[in-house]
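Everything below concerns the one structure shown next.
No experiment lies behind these values; they were computed from the predicted model shown.
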Amino acid sequence: MPMMPKRVKFRKQHRGWMSGVATRGNELAFGDYGLKSLDCGWLTAIQLEAARVALTRHVKRGGKIWLRIFPDKAYSKKPAETRMGKGKGAPEYYVAVVKPGRIIFEMGGIPEIMAKSAMRLCSHKLPFRTKFVKRVGA
């Protein structure tokens, strides 16, 4: 089952804005290496899980991985072949809003070469361009 909030205050949400750069979560906080987004977009819970699985499989469960985003925005959709009107559709899945500069994954406790190749595999699962970043002292 994909990631989703345990409970929400409101079932349906507005689309909101994705313009501008990330002001929070744009620096490494936990690990030595990270994957930073270069574009904006919605990252679905399924895409996030696929990227996380690719990451953990490549490092063979070594080191430590931190997820820095969580899909907490409901994406609603109307059924196929439904006429317009009669309100907004039911929530279909959950997405995380990602702005340019946002750190998505962090890793620590593994060599840089391994982290870089793992993040490359992970980036192929994401719907926007990303960049490998490392801590200044690492």
Path from Val59 to Leu67 over hydrophobic side-chain contacts below 4.5 Å
yes
With a 4.5 Å heavy-atom cut-off, do Val53 and Lys125 have their side chains touching?
no
Do any N or O atoms from the side chain of Lys78 and from the backbone of Gly87 form a donor-acceptor pair under 3.5 angstrom?
yes
Would you say that Asp32 contacts Lys134 through its side chain, given a criterion of any heavy-atom pair below 4.5 Å between the two side chains?
no
Is there a side-chain contact between Thr130 and Phe105 (heavy atoms, below 4.5 Å)?
no
Within the structure provided, determine whether Phe132 and Glu112 are in side-chain contact (heavy-atom separation under 4.5 Å).
yes
Which is it for Arg52 and Leu48 under the side chain to side chain contact (heavy atoms under 4.5 Å, CB included) test, yes or no, and what are the steps along the way?
CA-CA 6 Å; Arg52 188 195 63 79; Leu48 186 62; 5.8 Å; no
Flag the pair Ile104 / Arg68 as yes when at least one side-chain heavy-atom distance between them is below 4.5 Å, and no otherwise.
no
All heavy atoms of Cys40 vs all of Pro100, minimum pair found to be CB-CD, 3.8 Å
Would you find a donor on one side and an acceptor on the other, under 3.5 Å apart, between the side chain of Lys73 and the backbone of His14?
yes
State, to 0.1 Å, how close Tyr93 and Thr44 come at their nearest heavy-atom pair, and which atoms those are.
CE1-CG2, 3.5 Å
Group every Ile, Leu, Val, Met, Phe, Trp and Tyr by side-chain heavy-atom contacts under 4.5 Å, then state whether Ile65 and Phe70 land in the same group.
yes
Please answer: with hydrophobic residues joined when any side-chain heavy atoms are less than 4.5 Å apart, are Leu55 and Phe128 in the same cluster?
yes
Donor-acceptor contact present, side-chain Asp39 to main-chain Arg129, <3.5 Å:
yes
Under 3.5 Å: donor-acceptor pair, side chain of Lys12, backbone of Lys88
yes
Same cluster for Met107 and Leu43 if Ile/Leu/Val/Met/Phe/Trp/Tyr side chains link at under 4.5 Å?
yes
Quick one: are Gln13 and Val8 in side-chain contact, heavy atoms under 4.5 Å?
no
Taking all non-hydrogen atoms of both residues, which atom of Ala74 and which atom of Arg11 are closest, and how far apart?
CB-O, 3.3 Å
Does Val98 reach the side chain of Leu126, with side-chain heavy atoms less than 4.5 Å apart?
no
Donor-acceptor under 3.5 Å (Glu106 side chain, Ala29 main chain)
yes
Just checking Glu27: does its CD atom have more than 12 heavy atoms from other residues, nucleotides or ligands closer to it than 6.0 angstrom?
no
With rounding to the nearest 0.5 Å, note down the distance linking CD1 in Ile103 to CZ in Arg24.
16.0 Å
Interatomic distance, Cys122 atom SG to His58 atom NE2 [nearest 0.5 angstrom]
11.5 Å
With rounding to the nearest 0.5 angstrom, report the CG to NZ distance, Leu38 to Lys99.
16.0 Å
Of the non-hydrogen atoms in Pro71 and Pro5, which two are nearest, and what is the gap between them?
O-CD, 3.6 Å
Is there a donor-acceptor contact under 3.5 Å from the side chain of Lys116 to the main chain of Tyr33?
no
Could you label the plane-to-plane angle of the Tyr75 and Trp42 rings as parallel, tilted or perpendicular, counting under 30° as parallel and over 60° as perpendicular?
perpendicular
Should Trp66 and Leu35 be counted in the same cluster of Ile, Leu, Val, Met, Phe, Trp and Tyr side chains packed under 4.5 Å apart?
no
